[in-house]
Amino acid sequence: MNIAFYLRLSLADGDLGKDGKDESNSIENQRLLLQTYLSVTKMPDENVSEYIDDGHSGLNFDRPAFKRMIEDAKVGKIDTILVKDLSRLGRDYIGVGDYLEQIFPVLGVRFIAVNSNFDSNNYIGQTMGLEMSIGNLINTLYSKDTSKKFKSAIQTKWKQGISTAGRVPFGYLKDENDPHKWIIDPVASKYVRLIFDLALKKYTTRMIVDYLNEHDIPTPGKYRVATTGGGAWNRVVTEEEWLWDISKVWRLLKTYSYTGALVQGMTTNIRVGGKERRHVPVRDQFISDNNHEGIVTVEEFEAAQEAIRSVRFSGFKQDRGDILTGKIRCGNCRLTMMYSNTAEVVIVCNHRVSSGKISTCSTQRYEAKRIEGQVWYALKKQLERLDKLAKAAERIRDANRADLIAEQKNLKRSLEDKKAERIRAYENYANGHLEKAEYLKCKEKLTEEISRMTDRLAFLQGESDTEDGIFHELSEVRKKESDTGIADKLTREAVRAFIDVIYIYNSERMEIAFLFDDLLERTDSYIKRNAEAIPAVV
């Protein structure tokens, strides 16, 4: 048995109370509770793995450890998941219901929420019940209410001019004596000042980028790695490609905090628990002037805006609906490529265009229609391959299904017979009709047979669950194929539905990762595993 402990904690969900102190929801206490449960129920504890999301809200399932756990469950590394209570799994009523009633059963995973008295083995073929549904709904409402209170408490600090930022702008450091206060970074602040000085000299953002890169001025991410050894906050590229680009310079010159003002609440969540955010109008932001030492004056900041007033930053441009937008990346720097509307529509490396001539990325321009045509051809071929595998898998399933069902039925009947025979052997021993040595020998033999049958039955059930999951996903892909009109032409809907990422290295080399690649592998594996009749119990 492969058991997973899922441990989650979030201050935003109110898991630690108002003062943030450890209570029963702490990671350590969750772990202790689950270990105790294994001990009391005598469940095997030799194959236990932990998945911990510390600081992630339960109102969505976009959590790193949770996603890793689900991926492990998909490949059979986990067959049982334990949590302290249902709120640890999530506080989204609908999402939790989907996992309990659809996803976990399809994956063949047993789910246990200790304090909620929920064990999915008790609900096989049933819904989770009214009481459990109401509990999930209460968790959702509680978390939303807590999130609102948490947001209100944060805004109270903002009004008082207290910084709640996890990190400070490039050019500043947190005061070691008071982490809510910012102090000047003597080195980085000179780089910030240089950028403003160039803007005040009427340098455009392109000219500033070229100057910084030519004089080897480190980007904020590169500077942080060099001085602290931490990870870079900027985009991850090879070290020689950590270059300034137009967007970095643009954002720095737009940062009003360099005047000494504390600016907070610039973005907000579109919905409680969601990841999507929107910009807040300046009039609704929380701005505290003279909060820390400024690197530039307000007048200098305003004057520097002239250098960027004509810049149309791509991050805020309207989506024109280009078919491959967001999916194409440069094979060299691994960053997003973009459509460029010149005399003809072409695709270029955004990093190369924005970082200037020092970048080692290719300057090649790819005809958009040609790239889209190649992607369409590759996608159709891959879908054709999946369709062939699906038909082969269906033939094998139909051929083996009757035998599989018959074997499961016979195994269950034989299993009951063996268990009854073991009980009779004990009764004969208890009544004195069987010697102890003979009884123990008989019991050992029957127990081995029962164990072998139980394992075989579990294997067949697992095969059946895996099979159901594969064919459900195959059906979903076929439906998407029909809905997106991929047979006639490449559509944006088809790209979103089937393509993960496209890497363009040069005019001769392109790599495409499809969202159904894993399904292809699992279907192929299913075919190879079941091409012949499943062997009977030895």
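Please read all numbers here as calculations on a predicted model, not as lab measurements.
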Do [Y] and [X] meet the salt-bridge criterion of a basic N to acidic O distance under 4.0 Å?
X: R397; Y: E467; value: no
X: R110; Y: D79; value: no
X: K77; Y: E71; value: no
X: R395; Y: D398; value: no
X: E28; Y: R31; value: yes
X: R509; Y: E511; value: yes
X: K480; Y: D483; value: no
X: R422; Y: E448; value: no

Checking L324 against Y339 for the side chain to side chain contact (heavy atoms under 4.5 Å, CB included) test, could you report, in this order, the C-alpha distance in whole Å, the side-chain angles of both residues, the deciding distance, and whether it holds?
CA-CA 9 Å; L324 300 177; Y339 279 76; 3.5 Å; yes

Backbone N/O of [Y] and side chain of [X]: donor-acceptor pair under 3.5 Å:
X: S525; Y: E521; value: no
X: S116; Y: L86; value: yes
X: W250; Y: D245; value: no
X: R63; Y: H56; value: no
X: D85; Y: R88; value: yes
X: N29; Y: S26; value: no
X: S120; Y: F111; value: yes
X: R8; Y: S87; value: yes
X: D524; Y: L520; value: no

Measure the [atom1]-[atom2] distance between [X] and [Y] for me, rounded to the nearest 0.5 Å.
X: L34; Y: I112; atom1: CG; atom2: CD1; answer: 9.5 Å
X: K327; Y: D500; atom1: NZ; atom2: CG; answer: 6.0 Å
X: W376; Y: K489; atom1: CH2; atom2: NZ; answer: 10.0 Å
X: I504; Y: Q374; atom1: CD1; atom2: CD; answer: 8.0 Å
X: I70; Y: I78; atom1: CD1; atom2: CD1; answer: 7.5 Å
X: I423; Y: K418; atom1: CD1; atom2: NZ; answer: 14.0 Å

Worked verdict on D53 versus L7 for side chain to side chain contact (heavy atoms under 4.5 Å, CB included)
CA-CA 6 Å; D53 278 319; L7 317 172; over 6 Å; no

With a 4.5 Å cut-off on side-chain heavy atoms, are [Y] and [X] touching?
X: L82; Y: L38; answer: yes
X: V109; Y: T80; answer: no
X: V375; Y: Y377; answer: no
X: I3; Y: N47; answer: no
X: R522; Y: V75; answer: no
X: L33; Y: Q30; answer: no
X: L415; Y: T454; answer: yes

Kindly assign one of parallel, tilted or perpendicular to the pair F66 and F61, based on the angle between their ring planes and the thresholds 30° and 60°.
tilted

Would you call the rings of F516 and F498 parallel, tilted or perpendicular, taking 30° and 60° as the class edges?
perpendicular

Please determine whether side chain to side chain contact (heavy atoms under 4.5 Å, CB included) holds for the pair L89 and F118, giving the CA-CA distance in whole Å, both sets of side-chain angles, and the decisive distance to 0.1 Å.
CA-CA 12 Å; L89 174 64; F118 180 86; over 6 Å; no

Among residues at least two apart in sequence or on other chains, which ones pass ring-ring contact (aromatic ring centres under 6.0 Å, His included) with F471?
Y526

The complete set of ring pair (Phe, Tyr, Trp, His ring centres under 6.0 Å) pairs with one or both residues in residues 32-53, sequence neighbours excluded, reads none

Take D417 and S414 through the side-chain hydrogen bond (donor to acceptor under 3.5 Å, both in side chains) test and state the conclusion after the steps.
CA-CA 5 Å; D417 290 343; S414 298; 5.3 Å; no

Could you tell me which residues satisfy side-chain hydrogen bond (donor to acceptor under 3.5 Å, both in side chains) with R329, sequence neighbours excluded, listed by chain and number?
none

Using a 6.0 Å cut-off, check whether atom NZ of K380 has over 12 heavy atoms from anything other than its own residue.
yes

Side chain to side chain contact (heavy atoms under 4.5 Å, CB included), that's the test. Do L515 and I499 meet it? Break it down for me.
CA-CA 5 Å; L515 291 170; I499 295 177; 5.8 Å; no

